[in-house]
Number of protein chains: 2
Amino acid sequence: MPRDTLTREQIVRAAIDLLDDEGLEGLNMRALGKRLGSAATAVYWHVGSKDNLITLAGDEVWHQIALPDLATTDWRTAATRMATDLYAMLTRHSWLVQAFGSYMIFGPGKARHDDHGYAIYEAAGFTGAQVDQAAATVFTFVLGNALVPAAAASFTKKLGRDGGNAEALMQESMAKAHEIAAQFPRLRARLDTAVTDYATAPDNTFQFGLQAILDGLEAQLSRSTPSDLASPSAAGGNASADTRNGDV
Amino acid sequence: MPRDTLTREQIVRAAIDLLDDEGLEGLNMRALGKRLGSAATAVYWHVGSKDNLITLAGDEVWHQIALPDLATTDWRTAATRMATDLYAMLTRHSWLVQAFGSYMIFGPGKARHDDHGYAIYEAAGFTGAQVDQAAATVFTFVLGNALVPAAAASFTKKLGRDGGNAEALMQESMAKAHEIAAQFPRLRARLDTAVTDYATAPDNTFQFGLQAILDGLEAQLSRSTPSDLASPSAAGGNASADTRNGDV
DNA sequence: AGACTACTTGCACAGTGTTCAAGTATGAAC
DNA sequence: GTTCATACTTGAACACTGTGCAAGTAGTCT
């Protein structure tokens with residue numbers, strides 16, 4: 001029987017938990033060590049560095065997003081489902097969007113996701129560089145959408161970490177933003193409605209934008225290929241082996 | 001004659017320079033102090049904290065983006081211009097996208113930008129919550145587009161900071177990504193073309209996506225308001241006073 | 001001249017990622 | 001069953017970070 005020892009998977013899982021709980025700047029090696037019940041430095045033998053650990057954790061969560069079967073799903077609902085799934089995943093793990101700006105996050109998980117993304121837009125009828133462009137358009141839109149909530153989550157977590165009166169600091173910060181916005185007519189007009197209107201339903205904004213983008217892509221599609229529907233490979237199978245959806 | 005002393009503007013300007021040169025994680029108070037010719041702690045009297053300094057710097061750069069005159073420009077070219085300008089600004093100051101995920105960046109600069117953004121989509125004919133949704137769609141798309149180049153810039157800067165052989169580490173990292181991508185059919189197919197095709201013209205991808213989004217918004221527009229063209233205020237003046245475009 | 005305001009400075013502290021020599025447990029070799 | 005190598009784990013230490021604080025300095029007002 002081998003000694004009860006740390007594993008890379010175990011560490012990555014604990015790191016994801018810690019990141020979910022405390023945010024990107026809440027992750028530090030001593031806290032991670034404590035959560036694992038071992039010394040902070042024990043982690044280094046398994047993952048090399050904190051940067052590498054974040055890369056590993058940041059790739060792992062991509063496995064959570066499901067890959068719609070393109071044989072039984074038309075490209076538009078497939079695209080909608082995948083984008084919505086991605087958005088939900090990024091909201092669940094809001095540290096990932098931050099990490100995305102500072103680390104080069106690419107591994108099997110994201111590769112699996114990207115590959116299927118390309119498959120969708122190939123199935124839609126795009127060819128050549130337009131496949132990449134269509135996929136990138138939707139992808140970056142989702143990423144950008146997740147960025148603002150991520151900043152908000154990071155901000156509140158930082159306030160919580162700093163000391164007791166998080167509420168008061170939040171109020172103060174809101175008041176300052178309010179004061180600035182009041183100097184601009186269109187922002188001022190939104191100060192009353194925004195809280196009830198937008199903030200309660202950010203997902204509406206996401207869906208509105210997503211459908212507008214897909215409309216635009218569809219238009220592009222019927223413009224560039226008015227008649228031919230034969231060439232592109234539409235019935236291909238899924239790229240990767242597993243399609244697990246459970247949280248790691 | 002008053003003593004030759006630090007000013008908040010001077011500090012913010014130096015911080016922006018330092019951020020442009022060294023990236024977000026390259027900014028630290030002692031380096032900033034050195035650049036200003038004063039002790040690191042002198043900065044604290046003027047800006048309070050590093051977080052606040054980043055918020056100030058992160059807001060300042062929004063003044064660089066020009067606000068197209070809506071009296072003489074149709075909404076679509078106005079939207080294109082503003083989005084393209086924003087994209088260029090975010091590419092110039094790639095730390096801003098990262099900061100956007102970790103700090104609540106909002107001040108007069110961004111407010112001025114946002115307000116004019118709303119003006120554009122009001123001029124287009126959107127009403128109510130759809131104004132916000134249209135503006136948010138384009139805005140988040142641009143943000144997301146700037147995120148990937150920002151990560152790349154941050155990564156190369158980190159390699160440069162770490163030690164001498166940045167080239168070798170970069171090669172190694174590329175090779176690893178290559179190896180992973182090779183296991184997925186559509187990614188593998190792109191390994192040869194991607195470098196020459198996409199990487200040399202990321203702006204093409206941006207413009208493709210932007211125009212697709214504007215197509216989608218236009219479609220949305222003609223669908224919800226088939227005939228009336230009277231109500232929305234189209235000839236309004238610009239919101240803020242200055243329209244300076246120079247780098248700070 | 002003296003006091004007051006507006007800054008500036010160096011020291012120190014707690015927290016960070018990471019290195020490294022020294023330790024400990026496990027399975028294999030003889 | 002002792003020896004030994006392999007696979008980890010540990011705690012001390014280092015360099016670096018943001019920041020608080022007491023002490024200092026330079027101008028301005030009375």
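Lettering of chains follows the sequences in order, A, B, ..., and the numbering in each one begins at 1. Model, not experiment: these values are computed from the prediction.
As judged by a 4.0 angstrom heavy-atom cut-off over every strand, B:Ala39 is placed among residues touching the sugar-phosphate backbone only.
In this structure, the CZ atom of A:Arg8 is 14 Å from the P atom of D:dT9, given to the nearest Å. Between B:Glu25 atom CD and D:dT17 atom C1' the separation is 13 Å, expressed in whole Å. Between the CG atom of A:Asp4 and the C1' atom of C:dG27 there is a distance of 17 Å, rounded to whole Å. Distance, A:Leu32 CG to D:dT9 C1': 15 Å, rounded to whole Å. For the pair A:Trp45 CH2 and D:dT6 C1', the computed distance is 9 Å after rounding to whole Å. D:dT19 atom P lies 16 Å from atom NE2 of B:His46, rounded to whole Å. Distance, B:Lys34 NZ to D:dG18 P: 13 Å, rounded to whole Å.
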Heteroatom pairs (N/O) under 3.5 angstrom, protein to nucleotides 15-19 of chain C:
from   : atom 1 : to      : atom 2 : distance (Å)
C:dT16 : OP1    : A:Asn28 : ND2    : 3.0
C:dG17 : OP1    : A:Lys50 : NZ     : 2.8
C:dG17 : OP2    : A:Met29 : N      : 3.0
C:dG17 : N7     : A:Arg30 : NH2    : 2.9
C:dG17 : O6     : A:Arg30 : NH2    : 2.8
C:dT18 : OP2    : A:Tyr44 : OH     : 2.9
C:dT18 : OP2    : A:Lys50 : N      : 2.7

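Residue A:Glu172 qualifies as open at atom CD: its count of foreign heavy atoms under 6.0 Å is 12 or below.
Residues A:Leu36 and A:Ala14 share a closest heavy-atom pair of CD2-CB, 3.6 Å.
Cation-pi geometry between A:Arg112 and B:Phe184 is not satisfied (NZ or CZ under 6.0 Å from the ring centre, within 45° of the ring normal).
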